[in-house]
Amino acid sequence: MYLHLKKLFPETENLDLLKHQQVTKLDLLNALNLLVGELKTTSKEEQPKKWLKSSEVKALLRISPGTLQNLRINGTLTYTKIGGIIFYSYEEILKVMEQNKVNRNKED
């Protein structure tokens, strides 16, 4: 995340003047409030969607269309079909990944 000086100090026309000015507590508070707002926005954007389309699942798991179809057919991944669009639950995908985790022994 990069904050431009114009965002922090919109009232300043000549940004070179900032190099010679003292920073006040109000300036710090404004910068902190802007940073907190940016963090809240960023954290909301990073939350995964509840339902994913086939293309998103293929990209997420890095699998081919045929592999995704096999996972549907053999019941590994449950899905919801609305019209011609197939949706997968993100939570279900995580659950399947956990259930199929392989723990390797050090002796192997």
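Count residues from 1 along the sequence. Values in this document were obtained by computation on a predicted structure and should not be read as measured data.
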Could you measure the distance from the [atom1] atom of [X] to the [atom2] atom of [Y]? Nearest 0.5 Å is fine.
| X | Y | atom1 | atom2 | answer |
| --- | --- | --- | --- | --- |
| Ile73 | Leu68 | CD1 | CG | 10.0 Å |
| Tyr90 | Leu60 | OH | CG | 6.0 Å |
| Ser54 | Arg72 | OG | CZ | 5.5 Å |
| Lys53 | Ile86 | NZ | CD1 | 12.0 Å |
| Leu77 | Ile63 | CG | CD1 | 7.0 Å |
| Thr76 | Asn70 | OG1 | CG | 9.0 Å |

If you look at every heavy atom in [X] and [Y], which pair is closest and at what distance?
| X | Y | value |
| --- | --- | --- |
| Leu71 | Asn74 | O-OD1, 3.1 Å |
| Lys58 | Ser64 | CD-C, 4.0 Å |
| Glu56 | Leu52 | OE1-CA, 3.3 Å |

Point to revise | Salt bridge flag under 4.0 Å for residues Glu91 and Lys50 | key: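 So Glu91 does not pair with Lys50 through a salt bridge.
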**Study point:** Any residue meeting side chain to side chain contact (heavy atoms under 4.5 Å, CB included) with Lys95, in chain and number order, not counting sequence neighbours
**Key:**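 Lys95: side chain to side chain contact (heavy atoms under 4.5 Å, CB included) contacts with Glu92, Gln99.
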Review point. Mind checking what makes side-chain hydrogen bond (donor to acceptor under 3.5 Å, both in side chains) contact with Ser89, not counting sequence neighbours?
Key: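 Partners of Ser89 under the side-chain hydrogen bond (donor to acceptor under 3.5 Å, both in side chains) test: none.
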Exercise for review: Please name all residues satisfying side-chain hydrogen bond (donor to acceptor under 3.5 Å, both in side chains) with Asn33, sequence neighbours left out, ordered by chain then number.
Suggested key: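 Per chain and number, Asn33 pairs via side-chain hydrogen bond (donor to acceptor under 3.5 Å, both in side chains) with no residue.
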Point to revise | Greater than 12 external heavy atoms within 6.0 Å of Phe87's CZ | key: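 Atom CZ in Phe87 is crowded, with more than 12 foreign heavy atoms closer than 6.0 Å.
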Check your understanding: Are Trp51 and Ile93 connected, step by step, through hydrophobic side chains (Ile, Leu, Val, Met, Phe, Trp, Tyr) whose heavy atoms are closer than 4.5 Å?
Key ->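 Not linked; separate clusters.
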Check your understanding: Are Val57 and Met97 co-members of a hydrophobic cluster defined by side-chain heavy atoms under 4.5 Å apart?
Key ->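 Both belong to a single hydrophobic cluster.
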